[in-house]
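Here is the structure we will look at, set down as structure tokens.
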Amino acid sequence: MTDTHRSIDAVWKLESAKIIAGLTRLVRDVGLAEELAQDALVAALEQWPDTGVPDNPGAWLMAIAKRRAIDHIRRAQRLERKQEQLAHELDQQRDEPEQEPERDDVLRLMFISCHPVLPTQERVALTLRLLGGLTAEEIARAFLSTEPRIAQRIAGAKRTLAQERVPFELPDGAELAERLSSVLEVIYLIFNEGYSATSGDDLMRPGLCLEALRIGRLLAELSPHEAEVHGLVALMEIQASRSAARTGPSGEPVQLHEQNRGRWDPLLIRRGFSAMLRARDLGGRPGPYVLQAAIAVCHAQARTAEATDWPQIAALYDALSRLLPTPIVQLNRAVAVGMARGPEAGLALVDALVDDPALRDYHLLPGVRGDLLVRLGRHAEARPEFERAASLARNVAERAFLRRRADAIAEEEPAGVTLGQAAEDFLARPELDAATVRSYGQTMRRLCLRLGERLPLASLTADQVARVFATDWGGAAAKTWNRHRSAVRSFCAFVSLDDLAAGLDRRAETRPPTATIDPAGLAALWDPGLPLRERTLWRLLHESAARVTAVLSLDIEHLDLDDRRARAGETWVSWRAETARLLPQLIAGRARGPLFLADRRPAPARMPAAADLCPETGRRRLSYERAEYLFKQATKALDPTGNGYTLRQLRPREPGRR
């Protein structure tokens, strides 16, 4: 990369948010605004290597982008008054930098990128794209994802904002607090993913921490009178100050009380203290981020781990848990209480969280419990807790750290057969087919994960099994509950412990009537612009009222186009005029093979049966899973729940049914 290209990259990261925000104010479409900004970036990449970097590169990019915006409006022949207004505005502003409008535009861009109408993952990706200036590739690398997946999230977010017609304006009144909370949540999510990566090999991803800090500082400049904004900045500054001390020579985690505080960054600590003072000066009742920042300040003020004011931290967590009573906050409070009032008090709080469904796969719950048990001298109980924490951790560095903590505790030989051994023998029986092993395996893995593989089978109780069911499958469908119950009953018979399933009653499986799609939604599905294969399949399902599997099993040689019917196994599928019109186009001269084909040819290692392969095109039969996925994606905008419809819902309404 040349020096000019490095300069362009740096300028883009600093100026892209202002440029996109200003363009969004003009064109009222964040997706189009980003495209126009990208056009300006391409112009810079083409011209600056020859002409050099301008004295005011941000203004240069903004001017080029605004000209492209006006050209776009003129080409589309829309809003003649608007184009005159934009042209006049450009002439007035070309020679003078924007001040307050620019600041307000960036703030509006923050609020629209973090709008609650977007799913959390899309909010995070769009914020990093528009405000961080990161490419989809950079975001994917930071989150250990794929570039197409991130690009899909960003595109989906823009599409949702356009469909919902989210205005490019600052919220006011009661809505402001809610929307600001969403912005803060996204920034802190980005920071936390960088500070303590949920997956991957490394404990930290510093790039994400820096982006979150930069966006947080920018938000604090734009919203100087919001205490929670300064509280979040203070929290991130102080937490980031510990980064160098959080890992050892091999990248292993170093716990807070073991960190070398001489490696904490004093500049970031001072910046955190300053942000905290600004938050306090604004007054008012402390919010969640101000309280968390106050806790971070307590840690930063202690010169040694022993000097930490744990009673004060516990009191702050008491206040935080009243304001934000989430399971994660309650777990952190248990740690503080354990340090301030003794491990027994902390363990009592942790034990109250063991059956919380929100923490069932959270590795820090058994990790904290194991640490408290060690402090109480109950080492035999602590080891399986660390083992379970290690099995739940998705981050490689954390998993290795927890495994070492378990290995450091002398292992006691379990008395008799363990739950893990019995489960392995149960699943290894030769009379079980592959599908049964797969189904039973899901149940047994969950029991082993929740209760520990080394739990002596003789000590396993019906109450323990019932608690696992209540936590993991309490809200599941009756069919799912009964499937896991059946697996446990079979296991009980195998190990001769029939009473283990005593607290598990069978649930009645009642299938609710399938809701049909309203006429307006159906009309949208017949759009000629949609793919021919999908339109034909959907029409056929709607007109025939046949099962999805029956329609997907149709072969061309079994079609009777004149009588508008086809044989599918032992049944007939018939259709009406619209399907009859589409079928010849879909067949396109093919004489045999599956009617509905997949998009690509199968890989040599995954060749289907001959009956599911088209001899003329080499493509396989369209699978039920793929057809269902495509239909769900196509109908998300039509479904009031936003989840998308299922193919079964294409069946026409039955007479007299509502």
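Not measured: the values here are computed from a predicted model. In what follows, residues are counted from 1 in the order of the sequence shown.
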Does any pair with a residue in residues 524-541 pass side-chain hydrogen bond (donor to acceptor under 3.5 Å, both in side chains), and if so which ones, sequence neighbours excluded?
R533-D599

ring-ring contact (aromatic ring centres under 6.0 Å, His included) filter on F426, not counting sequence neighbours, yields Y440, F491, F494

Which atom names give the shortest non-hydrogen contact between R581 and E578, and what distance separates them?
NH2-OE1, 3.0 Å

Would you name the heavy atoms of L597 and T617 that are closest together and state the gap between them?
CD1-OG1, 3.5 Å

Sidechain-backbone polar pair: E628 side chain, E625 backbone, donor-acceptor under 3.5 Å
no

Atom CG of D472 and atom CZ of R446: how far apart are they, to the nearest 0.5 Å?
4.5 Å

Do other residues, nucleotides or ligands put more than 12 heavy atoms under 6.0 Å from R619 CZ?
yes

Mind checking the SG-CG spacing from C114 to L131? Nearest 0.5 Å is all I need.
7.0 Å

If the condition is salt bridge (charged side-chain N to carboxylate O under 4.0 Å, His left out), which residues does R485 pass it with, not counting sequence neighbours?
none

For Y629, enumerate each residue passing the ring-ring contact (aromatic ring centres under 6.0 Å, His included) test, keeping only those at least two apart in sequence or located in another chain.
none

Where do L130 and S113 come nearest, in terms of heavy atoms and distance?
CD1-OG, 3.6 Å

First locate atom CZ of R620, then atom CE of M607, and finally report the distance between them rounded to the nearest 0.5 Å.
9.0 Å

Return the CZ to CG distance between F631 and L650, rounded to the nearest 0.5 Å.
3.5 Å

What residues form a salt bridge (charged side-chain N to carboxylate O under 4.0 Å, His left out) with R205, not counting sequence neighbours?
E193

Hey, can you tell me if F191 and Y188 have their rings parallel, tilted or perpendicular (30° and 60° cut-offs)?
parallel

Cationic N near anionic O, under 4.0 Å, R621 to D555:
yes

On a heavy-atom basis, which atom in A423 and which in C448 lie closest, and how many Å separate them?
CB-SG, 4.1 Å

Rounded to the nearest 0.5 Å, how far does CG of L447 lie from CZ of F469?
6.5 Å

Quick one: pull up CG in L455 and CD in Q464 and give me the separation to the nearest 0.5 Å.
5.5 Å

For H115, all residues meeting ring-ring contact (aromatic ring centres under 6.0 Å, His included), sequence neighbours excluded:
none

Under a 3.5 Å distance rule, please check whether D639 uses its side chain to pair with a backbone N or O of T635 as donor and acceptor.
no

I'd like to know whether CD of Q152 has more than 12 heavy-atom contacts from other residues, nucleotides or ligands below 6.0 angstrom.
no

Side chain to side chain donor-acceptor pair (under 3.5 Å) evaluation trace for Q649 with T646
CA-CA 6 Å; Q649 291 174 273; T646 65; 3.2 Å; yes

Looking at every heavy atom in both R153 and E122, which two are closest together, and how far apart are they?
O-CG, 3.6 Å

Closest non-hydrogen atom pair between L613 and P602, with its separation
CD1-CG, 4.0 Å

